[in-house]
Every structure is written in structure tokens, then in C-alpha cells.
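Accompanying notes for the structure given below.
Chain identifiers are assigned alphabetically (A, B, ...) following the order of the sequence lines, protein sequences preceding nucleic acid strands; residue numbering begins at 1 within each chain.
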Amino acid sequence: MKSIEFGDLPKRFNINERELHWRKRWSEMGVEKRDPNAPREKSFVIDSPPPTVSGSLHIGHIFSYTHQDLLARYKRMTGMNVAYPMGWDDNGLPTERRVQNYFSVRAERNVPYIENLDVEAKRAELGLKKDRQLVINRQNFIELCRVVTEMDEIVFKQMFDRMGYSIDWNDEYATIDDKSRRIAQRSFLDLYQKNHVYQLESPTMWDVDFQTAVAQAEVEDREKGGAYHDIKFGVFEEDAPVKSFVISTTRPELLAACVGITAHPDDERFKGLFGKHAVTPGFFAKVPIFPSTEADPEKGTGILMVCTFGDQTDVAWWREEGLELRQILGRNGRILDHQFGGDDGWASTNPEKANENYQTIVGKRIPSAKSLVVDLMRDPANSATGNGAPLQDEPKQILHPVRYYEKGDSPLEYLTTRQWFVRMLDKTDQMIEMGRKINWHPEFMRKRFENWTENLNVDWCISRQRYFGVPIPVWYPLDDQSEPQYDQAIIATPDMLPVDPESVAAPGYDESQRGVAGGFAGEPDIFDTWFTSSLSPQTVARWGDEDDQMNTLFPMDVRPQGHDIIRTWAFYTIAKAMLHQESVPWHNINLSGWVLDPDRKKMSKSKGNVVTPVDTLDRFGADAVRYWSASFKLGTDASHDEAIFKIGGKLVTKLYNAGKFVLGQTADDGPIVNELDLAFIAELKEVVRIAGEAFEKFEFSVALQETEKFFWGAFTDNYIELLKRRSRSEDDPAGRASAVATLRLGLNVVLRLFAPIVPTITDEIWSWVFAEETGHLSIHKAAWPTPEELDSIPAPDVAGSFQAACDAISAIRKAKSESSVSLNRELLSLVLEADELGQSDLRLVLDDVAAAGGAESIGFAKGTPTADWRYTAHIEAAEAPEKK
RNA sequence: GGGCGAUUAGCUCAGUUGGUUAGAGCACCUGCCUUACAAGCAGGGGGUCGUAGGUUCGAAUCCUACAUCGCCCACCA
């Protein structure tokens, strides 16, 4: 029997050094490799989240990615073929922004492409100052995006490797790579064919800084300062002013875009106005006054102006009432030039004054347009009633919620633009049905999904006016005026994918026909990044490709993700699987919590409270960080508490030392026969059962807690201490062999229970003896322990033997502690006070307890258990041995 | 305003379908250099389980209301 020499091992376990060793070994042994031919029912497939590659990973990533790896390692040990892919979400705005800052460049259309662009050289050539952006071609920009994301991906990969994530890098993908682009475009083709997508020119939420449309899911409200401006309008009948009213608006800059007035139909103050016309101050446009139940009599003055477009309700009113369109805001967030006075929707009763006023704001951005219009409203000459200044009082400052693109810095506007949409509003019931076929962990998170789905109010806008992303594979024929015929879209054919319509000619056309009358134009827009990342299951399974593995990988088993992206990633992924495969994308969704700083605030870059994992890893090691992550339930926010890393570190040290002790036993093992040993194995069997059941339910924190409690309490503090003398005893070879066998079996099983959580230290100890003994060179290739595996060990004669032994040794320690006697001091006499049951439970393990207590034998006295103690020890200690 | 979650020891958290006397770790106090481990071990103190009602033989656990904190959504006149 093999054993280790203590002298061969360092006194302390150097986790950082051993991590490097084991990461290399695992990769050599192919621990993470999956078998592509394994049947679906023997596979466990993880839809791992592709992290946004935009700089650095923070401790929150580590927290949730660890949760996935725990399951991957557990499932692998149970014999499942684990598919654990990794993607990089590198397309999209975060990368564009990063590239802009990193190289100080900006992409624009109609700029020539430069082969092998050297940004620095080009800047020098043009004599650009540091703060000036170099304007480059879109293709050049995309190439720079790739450079930056590839650098970041290397760093991310190193971090994942250091954490010991058993990712199968054969299944690596990036949302910008050919495979992802091909499958995203295939998804579009399929949706188009099934009539789930459409394009529409309509008012859409627009970010004026990024100059792109955004989807409902990417919108967030922010509390911002604003002001109510009370402005007087005139009411006209037959071109004569008959009355006036005052509206209260926070957006006076949209006055020129006012196309209607509304109030609640039951509002007595305004009942007489409906059907009449109002005239706007300053721009003298005649606009209809109509009733609407959407108007709230309690808000503002109860009557309000409808503009094209201030918000979502404006859009609805504009549609329902068939109002004029006066779009005054351009895509760049500046006021467009227009002339009042024509019949084209810009009619005015005083065009001259209207134009004079309007020209003051043309070209301005919203904040300055706002204050300019307010100035105009102070001028009585701009009154619509000829009765004093339109502005009634000084503006009243308020705080109110304003819609923002989640990555943007300016409020969202509604602009009329042509966009592509996926029809979702007609499928909310089906979506909720799909959600119910998926197990949510924790269950209450399902409610978030259902709330969001029920409250959807626009279809999914999937087109973005950006550069670095997957192109929409569509062209439009040009008429003889070179105008695109949007209603005759030419869709790419399946064999063309992936395709960039801006560089490849439309089917049936020649490149020379690009942009010329009677020719074609490529769709310049790209997809929303979620359009691609929502296909992560299909991408990993190579849906529709030659090596399609949908049959063996889809639907997947589990989607791990954060709960903040239920409405985006989870929602869209469920939608895609439903629309393409009429299936759930996975059977389970695991929602990890967030990492909170010590003030219980979410860690985020903007708050500047982000902890980078490198420092934590250097100090505590990957196993300790994994321990921290594993100790929180799914869905629970975790505190970044150093104390927990320390405990994880202590567990690693303890495992190392326990391993040294157990495997350092040089005596031969033999059949497990002693009562205490049998009782110990019975306890172990129970822990194995609980831990396995917990892992099956993704409750790794329960498995960890039970295993840890057993290891630390039952195994090291009690069992090893009870056994020490017998395991060295020359007089009792059978008992000694039984002890050694039990210690080894106990360690072997406990290591495997801990292996998914602390993979480095467990594999280290495993390698000393067990690797060779079992033939499994890595513990991560060994089998997860089962209760059945321990069935060959007979049950103890007395069910309570182990607990009784622990309780008795505790009583003896208490007595020694109270007399300030060293715990290993020999006892001249030892008498235990116990009731009959207590004596009976202890009868078969007396020798071990006596030996552990340092006594020749144990006497009993009649006693009754107290609240805390079954046994009370009475001791007479021997003289302390002389100190050396 | 709608929805969800949390509230247990000084701190961080467990507490299974209601069931003896509510647990762990950290911190604190006391003792112990014990040939696996002093980065250790042993012992100890510390909680009217957010508040108020209710159901029950029995409630941290189930019901109702309230309070505080957090999150999701809605709220731009």
C-alpha cells in the first residue's frame, strides 16, 4: 500500500504555485473535453454566458461563472458528458466605444478604406492633436474592433483558466465570428420566411449620441431634474380668439412640434374646448383639441400639448387622431431646419413670426433650444391671444423620471425612422407558456420574466444604426430616381451566409449596380447584439451548419445568468427557440445574485466600487474564491466579505493537513470491522446522499455546507482524534488495519465531495496516492461518490455509536478544559456520568473513547443528561510530563 | 403606483413538508506548543427569530396587516 512521506511535502500548501501546475495537467489530461458523439440523455449541456468583452472582468463575473463550473465538474463526475462552451460577446456598442477611446478614432461612411491601417502613423501624417479623433472607414473601424476584442479575450481566458473553469475551448465562439454571424443571419432568414419580422417607418426610441434606435429592453428610467413651464395657448373659433388655457410642460423646446391638445373628456374645465382649435404661441400653428381618457386631470394643469414626439403617448395620440407630423428633431439631436407657412403640415397663422422664432433654435441641441424657446415665451409679441407673455410664471423645478438608453448619456427621443422588428406583442401568452416549461432557480425569478412579458408594449426593434455587429442580410432595389424600394427587400439566400450587403452584391445583381438608378443598395444597419447572443444555444449546436449538433445539444440543460438580464438575454433566447424550434432553449435557468460591496451596494464601474479579482486571487487562491462563491445560494446577493475568503483558505490548508495525516499512515489497511469505523462510514454515507441530492437540485451551497460540517466536525475534530492511538497501535493489528482503511476511505470520499468546489487542493491530495490506486489520474475524472458505493460496508451494531463517541469525547475535553489540563494529558481515572441509553450507545466504542481521552478505561456513574450534555466526565489527571 | 425578495447572535449567513432546548463561521472571553494542522485544538458567553394580530396541542416556519431595506416594472404633460 502506498503512503506518502511527510518530509516530501512542504509544511504549507502554496496554492498559487500548485494552481499553475494543475491547470496545465487538466488541460493535458483533457478533463474538460466532451465527446461529440455522446447521446443527448447522457449529456449535460451548459449555455454559458458570453461575457461582454469590454475591458476587465470583475469579481461579480467570477462569482457567477464559478456557479457554472461547480455544476460542470459535478455532472462530469456523475458520468455525464458535459458540454461547457464559452463565447465572447464582442460585437456591439461597448466595443465600439472602447475602440473609439483606445485609438481615438471615429467611423464615418464615405471615407475610403485604408489597407493595413496604422492609426498612429496616420494621425502623425495628418498632424492630428491628441484630443482629435481620426475619421476612418467602417471596415477599418471593424478591424480595430477585432484587434481590441482579441486582446481582451486573451486576458479573460487567462482569468477563467486561473479560476480553474473546466471550459471546453473546442466550443469557443465569439458573437462576431463567422459562425455566429452565419447563424444570426440564418435566424433572420427563418424569421422572415415565417413572417415574424417586418420593417416599418415609424416613431422609434432613438439615442441621439449613438444615433441609433434602441429596444424597449435597453431602456432605463433615471430620475432627473426638470421644470414645469406654464404656457398660455389661444382657443380659436372661425379664426377668432375666443378663450385661452394654460398648459404645463417640461419640454417647451417641442412647442414648434405641437400638433394637438388634449384633456380628459370628463374634465369640466375643458369640456367646451373639444372640437375647437388651439393656436400655439410663438409658432401660431392651428392644432385640434380632442378628448382623451389617457389625460390625467390631476397632472399639471390637466390639459397638455401633443408633440411629434415627446413620449410614447404622443406617438399613440398622433396615430389615433391622425395628427400632422412635425418632426423638428434630427437624428443627431439637433433641431432641423423647416419653413412654417406651407400646406405640408407646417401651416401657421403668422408664418413670418413663426419662422423668425424657429430660426433661433435651428441647429441647436435640446438644452439650448429649451432655454431659447422659454425666452421667446417671455415676449408678449409671441402670444397666441394678444394678451401678455405666453409664459405665465417662472419655471417650477421638479425631479422626474426620464427615459435613457441604458448605455447612453442623453434622454431618448422618439424619431421617425425605418427599422426592422420581430413581432412579439402577439406572442406574449405563448412566451409565458414557454417560461412555465422551464425550471427557474430560484423559482420566484420566473415572476420577473412574466411581469416583463405581460408589460411589453412594442415589438422587438432589431436594427441598429451602428458598425460593429452582424449585418442585416438584405438589399433594396433602387428605382430610376435611385431611391430604395424598401417594400421590395431582397433577402440573402442561405448559401451566401454570412454576408455583408455593403460589400457583396444582392443576388441577381452585379457589384457595378450598387447605388445606381435601377441597381441596388445594401442595408446599412446591423442587428441588435441581443439578436445574436440570444442564439447562444443554436450557435453552440451549430444550427443549420454541416456539422449541426442540435440533436445532441439542444434543448440545453441549463442557462446560468444574472437576474438583471432576464428581460433581455433570457427573454430573447426563449423567444428565438420558440420561433425557430418551437421549443424551450433549455430546461433550467440558474440566476446568480450580485456581489455587493461592504455598504451593500451593487458593484458597478460607475460607482467605482469594483473589486478586481486578481488581487483577491493572489491573496487567497482560486480554491478559496470558489469556496466563497459556492457558499451562496442561487439568486442570493453576495457580500464581498474577506472573512469568507479566509475560511475558504483555511479549508484548503485543513484538507492538505488531513490528507498528509491520513495518507501518511504506513500500516496496511484491512477490512473495516470496528464499531466506531462502521459508525463513521454510516455517517459519511448520509452526507454523500445529502450532497448528491443537493447538487442535483443545483443547491451547491447545501452540498458544501454538509460536506464541510462533516469534514471539519465529524472527520478531523472527532474521528481522527478518536482513532489516533488505534491507528498506531501495535497491539491491535486488526483494529489498526480497520482504522487505516476507514481513514483512507473517508478521505477518498470527502475529497470527491469537495472536488467540484475546491478542485486544486483535492486533485493535489488525490495525486499522492489515490490517483495511482484508482487509475483515475485526476480526481475530476473519478466518479462522484454514491451511497451505493458504500453499501459493502456493514452498518454499525449500534446506530448511535458515532454520535455517542463524539459526545463522550466532548465531555472529557470539557472536563480537561475546565481543569486547565492539556488535552493530551494522561488520565489516572475517567468516570462518565450517563443515563442507561447513553451507556448503551457507548458500549461498543468505549476503547476508542478511553484511548482518545488518555485513559486506560472508562467507568460509569449513574446520571441524567443535562440540556447540553449527555455525558459528564469526572477526571483525575496524571502529572504533566516534564517539559524538554 | 404594480410586482418580487429580505428582515434570525456584534458581523456574514443556514434553518428542508410547522415538532424537543433556534444553528454555523467570523468576532469576543478562557484554556491548551497536542509528532496532520498555532493559518491549529478545546471550552465559554451572546438571540423575546422586524412589529402587531390570527390559525394550531405546538409557529423563525402558515395567514393578515404594518414597518424598514433591496430589486424588477410602470410613471416624461
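- With distances taken from any side-chain atom of I647(A) to the nucleotides G25(B), C75(B), A39(B), the minimum falls on G25(B).
- Rounded to an integer number of Å, the gap from K650(A) NZ to C37(B) C1' is 12 Å.
- For U34(B), neither phosphate oxygen OP1 nor OP2 lies less than 4.0 angstrom from any side-chain nitrogen or oxygen of R725(A).
- Remark: K814(A) engages E818(A) in a salt bridge, criterion side-chain N to carboxylate O under 4.0 Å.
- A donor and an acceptor atom, one from each side chain of H400(A) and E223(A), are nowhere located under 3.5 Å apart.
- Across the protein-nucleic acid pair, R619(A) atom CZ and A39(B) atom C1' stand 14 Å apart, rounded to whole Å.
- Contacts of D221(A) with the nucleic acid, taken as non-hydrogen atoms under 4.0 Å apart, include base atoms.
- If you check every strand for non-hydrogen atoms under 4.0 Å, I247(A) touches nothing.
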Given the rule that a pair is Watson-Crick or G-U wobble with both distances under 3.5 Å, how would you write RNA chain B in dot-bracket, using | for pairs to a different strand?
(((((((..((((.....[...)))).(((((.......))))).....(((((..]....))))))))))))....
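- Using a 4.0 Å heavy-atom distance criterion, N824(A) is classed as a sugar-phosphate-only contact.
- For the residue pair S292(A) / H264(A), no side-chain donor-acceptor distance below 3.5 Å is found, with atom types taken as modelled.
- Looking at heavy-atom distances under 4.0 Å, R403(A) makes contact with a base.
- Considering only side-chain atoms of W594(A), the nucleotide from C72(B), C76(B), A36(B) that sits closest is C72(B).
- Under 4.0 Å is where a charged nitrogen must lie from a carboxylate oxygen, and between R726(A) and D848(A) at least one such pair does.
- Annotation: of the two residues near RNA chain B, E721(A) and H229(A), the 5′-most nearest-nucleotide partner is E721(A).
- Rounded to whole Å, the P atom of C72(B) lies 24 Å from the corresponding atom of C66(B).
- If you check C76(B), A36(B), C73(B) against the side chain of I720(A), the one that comes closest is A36(B).
- Across A36(B), U12(B), G43(B), the shortest atom-to-atom separation from the side chain of T716(A) is found for A36(B).
- Using modelled atom types, one finds no donor on one side chain facing an acceptor on the other under 3.5 Å when comparing H229(A) with T249(A).
- Between the CG atom of L651(A) and the P atom of C37(B) there is a distance of 18 Å, given to the nearest Å.
- Side-chain N/O atoms of S631(A) include none lying less than 4.0 angstrom from OP1 or OP2 on U12(B).
- Of the two residues contacting RNA chain B, namely A227(A) and F661(A), the nearest-nucleotide position lying further toward the 5' end is that of F661(A).
- The shortest distance between the side-chain N/O atoms of K654(A) and the OP1/OP2 oxygens of G40(B) is not below 4.0 Å.
- Atoms CG (L412(A)) and C1' (A74(B)) sit 16 Å apart, rounded to a whole Å.
- Relative ring orientation between F715(A) and F711(A) is described as perpendicular, the plane-to-plane angle rising above 60° on a 0-90° scale split at 30° and 60°.
- At the heavy-atom level, Y656(A) lies nowhere under 4.0 Å from the strands shown.
- Looking at R870(A) and D835(A), no side-chain N of the basic residue comes within less than 4.0 Å of a carboxylate O on the acidic one, giving no salt bridge.
- For the P atoms, the distance from C41(B) to G46(B) is 24 Å, rounded to whole Å.
- Nucleotides U20(B) and C4(B) are separated by 35 Å at their C1' atoms, to the nearest Å.
- In the model, S822(A) has a side-chain atom that pairs as donor or acceptor with a side-chain atom of N824(A) under 3.5 Å.
- Of the listed nucleotides (A36(B), C73(B), C41(B)), C73(B) has the atom at the smallest distance from the side chain of N455(A).
- Each of A42(B), A39(B), A36(B) was ranked by its minimum atom distance to the side chain of K660(A); first place goes to A36(B).
- When rounded to the nearest whole Å, the span between CD of E818(A) and C1' of G45(B) equals 13 Å.
- The separation of C62(B) from C11(B), taken at their P atoms, amounts to 24 Å, rounded to a whole angstrom.
- Nucleic acid contact class of W712(A) (heavy atoms, under 4.0 Å, all strands): sugar-phosphate only.
- A donor and an acceptor atom, one from each side chain of Y414(A) and Q312(A), are located under 3.5 Å apart.
- D296(A) comes within 4.0 angstrom of a nucleotide base, judged by non-hydrogen atoms across all strands.
- Of the candidates G25(B), G31(B), U12(B), the closest approach to any side-chain atom of S820(A) belongs to G31(B).
- A cation-pi contact links K724(A) to F661(A), judged by a cut-off of 6.0 Å to the six-membered ring centre and 45° from its axis.
- Below 30°, between 30° and 60°, or above 60°: for F680(A) and Y719(A) the angle between ring planes is below 30°, a parallel geometry.
- Nucleotides G70(B) and A24(B), compared at atom P, are 31 Å apart to the nearest Å.
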What is the per-nucleotide protein-contact pattern of nucleotides 4-11 of chain B, from the 5' end, where B denotes a base atom under 4.0 Å from a protein heavy atom, S denotes such proximity for sugar-phosphate atoms only, and - denotes neither?
SS------
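- Set against A39(B), U34(B), C13(B), the side chain of L823(A) has U34(B) as its closest nucleotide.
- Taking the six-membered ring for Trp and thresholds of 30 and 60 degrees, F571(A) and F449(A) have ring planes inclined between 30 and 60 degrees apart.
- Between F711(A) atom CZ and C37(B) atom P the separation is 14 Å, expressed in whole Å.
- Distances from the side chain of H563(A) to the nucleotides A42(B), C71(B), C13(B) place C71(B) closest.
- Heavy atoms of R728(A) sit under 4.0 angstrom from primed sugar atoms or phosphate atoms, though from no base atom.
- To the nearest whole angstrom, the two P atoms, one in G10(B) and one in C28(B), are 15 Å apart.
- Using P as the reference atom, A60(B) and U21(B) are 11 Å apart when rounded to the nearest Å.
- Note on K814(A): only backbone sugar-phosphate atoms sit closer than 4.0 angstrom, heavy atoms only; bases stay farther off.
- Here E450(A) pairs with R436(A) in a salt bridge; the nearest charged N to carboxylate O distance falls below 4.0 Å.
- To the nearest whole angstrom, the two P atoms, one in G58(B) and one in G18(B), are 15 Å apart.
- Whole-Å rounding puts the I875(A) CD1 to G43(B) P distance at 13 Å.
- K724(A) comes within contact range of at least one nucleobase, with a heavy-atom separation under 4.0 Å.
- Judged by distance alone, the side chains of Y228(A) and Q397(A) never bring a donor and an acceptor atom under 3.5 Å apart.
- An OP1 or OP2 oxygen of C73(B) is reached within less than 4.0 angstrom by a side-chain nitrogen or oxygen of R567(A).
- Rounded to whole angstrom, the span from the CG atom of L255(A) across to the P atom of C76(B) amounts to 19 Å.
- Phosphate contact (OP1/OP2 of G15(B), side-chain N/O of K633(A), threshold under 4.0 Å): present.
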